[in-house]
Amino acid sequence: MSEEKKSLNFIEQIIEDDLANGLTKDKLRFRFPPEPNGYLHIGHAASICLNFGLGLRYNAPVNLRFDDTNPAKEEQEYVDSIKYDVQWLGFKWDKELYSSDYFQQLYDWAVQMIKDNKAYVDNQSSEQMALQKGTPTEPGTDSPNRNSTVEENLALFAKMKNCELEEGSHVLRAKIDMKHVNMHMRDPIMYRILKRHHHRTGNDWCIYPMYDWTHGESDYLEQISHSICTLEFKSHRDLYDWYVDQVYDFSKLRPKQREFARRNLSYTVMSKRKLLQLVEEKIVSGWDDPRMPTISGLRRRGYTPESIRTFSETAGISKRDNVTDVALLEYCIKDDLNKTAPRVMAVLNPIKLVITNYPEDKEEWLTAENNQEDESAGSRKVPFSREIYIEKEDFKEEANKKFFRLSIGKEVRLKNAYIIKGESVVKDENGEITEIHCTYDTDSLSGSGTEASQRKVKGTLHWVSIKHAVKAEVRLYDRLFTEEAPDSQKDKDFKDFLNPDSLKIIAAFVEPSLKEANILDRFQFQRLGYFCVDKDTTKTHLVFNRTVPLRDSWTKMSG
RNA sequence: UGACCCAUGGUGUAAUGGUAGCACUCCGGUUUUUGGUAUCGUCAGUCAAGGUUCGAGUCCUUGUGGGUCAACCA
């Protein structure tokens, strides 16, 4: 097997360099650290694929660590959905861990820091502290509490911990440097009082550690070698390192934070805040609305885990701002489904077609391939009869020669069935066509091997037998926004760019084999697109979501 | 008016001082019982100016443009 040299992304490069400089491979360990305060989206998928991909590449463990230090926002529901999504994407974590597992250790270390005169309790208001913090261009000033004695601080911190003080009245701060050029180093808050029930620790604590104080120490405790996060944490790195310094034992591995650019997708928004807004304002039906860029939304839309992994891999990572074309994501799912999705026939915009020379009471069950790309997919039977539905768009009374479909006097193939010829139309009083009358070539049955069956006709239409057709609700989804980057337009709200046509619900007819379909089953509706069975489906009511339409070079050139 | 990060076709990425490549998109040809797929092809790029070097997308300087940082959020 020829070893094709795959280029490394910059994170892999860093790891290779570390390995070359003496870090041993067995020390490699990664983590994916979501906060359980919302649902995962395609941007998280990039991080998941990166971290777990690294684990696979280096045969190293990857922990799933919930960063649950803010009980005001976090819920078990989110923990469950995140676990489900990560495993659905196809990854296995080494350990399921929680930042809250380390609350006691963190507390003990904080006490030690107070003893070392490296932390102090501040009783100022957040407004006062903000004022003293300075600005990026002006240094801050010291808090009047900065020089409290160790004893005073210890006593106050104990009171904080014992729930004897009011929420918001006191915080523990690291004593670093109020004039530091990095705002994050100006005596950052380590603990705040929060009398909240925590989804795991219950009411054990009424002080909760802040992100910065928690994250690096958690990485250190888990001996994570490379702690990978997004770019907006770059300026936190100084603090991350400072905190690790406070507890670092030289015999242990020292974790390293590195940052990459978050993945943005065109025609959608990715921030949790905005996604939450879409849900709360009922612009979408929920976190798993098939138009949402959430993992659960994509799943319900019909995306496969494989396609999302391929997308992440193909898009790659770097450190520059990006808006990846959603067309790449769509390519990934079409490419996957083309190989795997069974082909079926469904008519979305039906018009009746009568084959006048086909016996009225006759019906045939014809053989149809399930997937031309995959012989092992086998075949099924589809019923054929005198009256069928075809798409309205597939007929025109008078044809221009580029129109490969049905018109009066012209022949087309009915997929898996016969060649038919347009003869006449029936119209209502408004001149609207209500029926198309055709004749069929009795010797032209697909696969029969006759000379007539091998005639080349320019067009092939899909169809369903009216007598056997099954009614189905079909939800046609389109992009949620009309702008590539809806949230980066100056002076405009992202909701100004909502696409009014992002969802169209239609009544369609599908072939009877689909009655057996299960929720989340994916199909190609031939000549139309990929569709999956929605969870709203019941025994008597089929609902399909359109995942993505097929490429359509006809409407492109004609329209 | 600070610090830090970033800048390669329309988009996303690669080239580790030595032929600017890959994928998507767009456009066109061939094949096709899906106007799909497959396949072939076309268009298209190193932000700018200096410098170092035999040689610079890559290193240095300056500029330009974009981004990040001042929650008791993560």
Side-chain angles (χ1 to χ4, degrees), chain A residues 6-9 13 16-17 33-35 37 67-70 72-74 122 125-126 129-131 133-140 167-173 180-184 186 189-194 207-208 210-212 214-215 229 231-238 259 261 263 266 272 314-332 334-335 338-339 343 345 369 372-373 402-405 412-417 419 446-447 453-462 484 524-529 549-558:
Chain A
K6 187 182 154 286
S7 60
L8 303 176
N9 65 47
Q13 190 57 246
E16 290 296 329
D17 289 348
E35 182 189 14
N37 69 341
D67 219 337
D68 57 348
T69 58
N70 185 1
K73 286 188 177 176
E74 296 150 7
D122 204 338
S125 69
S126 55
M129 290 197 293
L131 244 36
K133 196 136 198 184
T135 72
T137 54
E138 294 162 308
E167 220 177 273
S169 66
H170 293 72
V171 292
L172 183 72
R173 292 229 256 172
H180 202 288
V181 66
N182 184 341
M183 297 291 287
H184 296 284
R186 323 245 260 225
I189 293 173
M190 295 172 67
Y191 278 95
R192 76 287 209 186
I193 300 169
L194 232 39
I207 56 171
Y208 289 93
M210 301 290 286
Y211 165 83
D212 289 294
T214 308
H215 206 94
C229 61
L231 236 29
E232 64 269 27
F233 290 100
K234 177 67 213 293
S235 58
H236 293 241
R237 193 150 111 192
D238 288 341
E259 312 83 10
R263 172 87 26 217
S266 64
K272 266 186 197 169
T314 308
I317 59 151
S318 69
K319 291 174 77 167
R320 58 171 153 157
D321 294 336
N322 59 78
V323 181
T324 303
D325 195 337
V326 69
L328 180 61
L329 215 211
E330 292 173 344
Y331 167 78
C332 291
K334 281 188 276 192
D335 192 47
N338 177 50
K339 295 173 201 135
R343 271 60 171 169
M345 292 196 285
E369 285 177 292
Q372 296 86 326
E373 303 293 314
K402 279 190 167 169
F403 188 75
F404 301 165
R405 308 179 183 188
V412 292
R413 156 81 58 191
L414 289 175
K415 180 77 183 171
N416 302 128
I419 292 172
S446 291
S453 75
Q454 286 169 11
R455 268 163 53 214
K456 299 284 175 203
V457 289
K458 201 64 180 161
T460 301
L461 308 187
H462 60 275
E484 271 190 25
Q524 185 194 90
F525 288 1
Q526 285 189 114
R527 302 208 302 137
L528 298 172
L550 251 29
R551 200 164 111 199
D552 180 2
S553 45
W554 163 244
T555 47
K556 213 168 261 180
M557 68 187 259
S558 64

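Heavy atoms only: backbone and side chains are in, while hydrogens, waters and symmetry mates are out. Here is how names work: the chains are called A, B, and so on, in the same order as the sequence lines, proteins then strands, and each is numbered from 1.
- A donor-acceptor distance shorter than 3.5 angstrom exists from the side chain of A:R186 to the backbone of A:T135, with no hydrogens or angles considered.
- Side-chain proximity of A:F404 to B:G35, B:G66, B:G12: nearest is B:G35.
- For the pair A:R263 and A:E369, nearest-nucleotide mapping onto RNA chain B gives the more 5' position to A:R263.
- Taking side-chain N and O atoms only, A:S318 has a distance below 4.0 Å to OP1 or OP2 of B:U13.
- Pairing partner, B:G65: B:C6, with both Watson-Crick or wobble hydrogen-bond distances short of 3.5 Å.
- Among B:G35, B:A14, B:G36, the nucleotide with an atom closest to any side-chain atom of A:N9 is B:A14.
- Residue A:K415 places its side chain closer to B:U33 than to any other of B:A14, B:U37, B:U33.
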Nucleotides 40-48 of chain B: protein proximity per nucleotide (B base, S sugar-phosphate only, - neither; heavy atom, under 4.0 Å)
---------
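- B:U33 makes up no base pair with any nucleotide shown, lacking Watson-Crick or G-U wobble contacts both under 3.5 Å.
- Side-chain atoms of A:Q524 and base atoms of B:U34 include a donor and an acceptor less than 3.5 Å apart.
- Within 4.0 Å (heavy atoms only), A:V323 reaches sugar-phosphate atoms of the nucleic acid but no base atom.
- Along RNA chain B, the nucleotide nearest to A:A261 and the one nearest to A:K234 differ in position, and the one closer to the 5' end is contacted by A:K234.
- A donor and an acceptor atom never sit less than 3.5 Å apart when one is taken from the side chain of A:E484 and the other from the base of B:G10.
- Donor-acceptor pairing under 3.5 Å, judged by distance alone, is absent between the side chain of A:T137 and the base of B:U1.
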Within the 4.0 Å limit for protein heavy atoms, which parts of nucleotides 69-74 of chain B are touched? Write it as a string from 5' to 3', B for base, S for sugar-phosphate only, - for none.
SB-BBB
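- Of the charged side-chain nitrogens involved, none lies within less than 4.0 Å of a carboxylate oxygen, so that A:E35 and A:K73 do not count as a salt-bridged pair.
- Applying the side chain to side chain contact (heavy atoms under 4.5 Å, CB included) rule to A:D212 yields the partners A:H236, A:L239, A:Y243; only residues at least two apart in sequence or on another chain are considered.
- With sequence neighbours excluded, the residues satisfying side chain to side chain contact (heavy atoms under 4.5 Å, CB included) with A:L194 are A:N70, A:P71, A:E167, A:R192, A:R196, A:Y208.
- Pairing for B:A14 is absent, judged as Watson-Crick or G-U wobble with the two contacts each under 3.5 Å.
- One cannot find a donor-acceptor pair under 3.5 Å joining the base of B:U37 and the side-chain atoms of A:Q372.
- Between the side chain of A:R343 and the main chain of A:Q526, no donor-acceptor pair closer than 3.5 Å is present.
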Please list each protein N or O that sits under 3.5 Å from an N or O in nucleotides 18-24 of chain B, with the distance.
| unit_1 | atom_1 | unit_2 | atom_2 | d |
| --- | --- | --- | --- | --- |
| B:C24 | OP1 | A:Y331 | OH | 3.2 |

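- Put simply, CD on A:E259 is 13 Å from C1' on B:C6, counting in whole angstrom units.
- Counting atom types as modelled, A:R551 pairs no side-chain N or O with a base atom of B:U37 as donor and acceptor under 3.5 Å.
- The interatomic distance linking A:D552 (CG) with B:C26 (P) rounds to 11 Å, in whole Å.
- Applying the side chain to side chain contact (heavy atoms under 4.5 Å, CB included) rule to A:D325 yields the partners A:S266, A:A327; only residues at least two apart in sequence or on another chain are considered.
- A donor-acceptor contact under 3.5 Å is not formed by the side chain of A:R527 with the base of B:U34.
- Between A:E330 atom CD and B:U25 atom C1' there is a gap of 11 Å when expressed in whole angstrom units.
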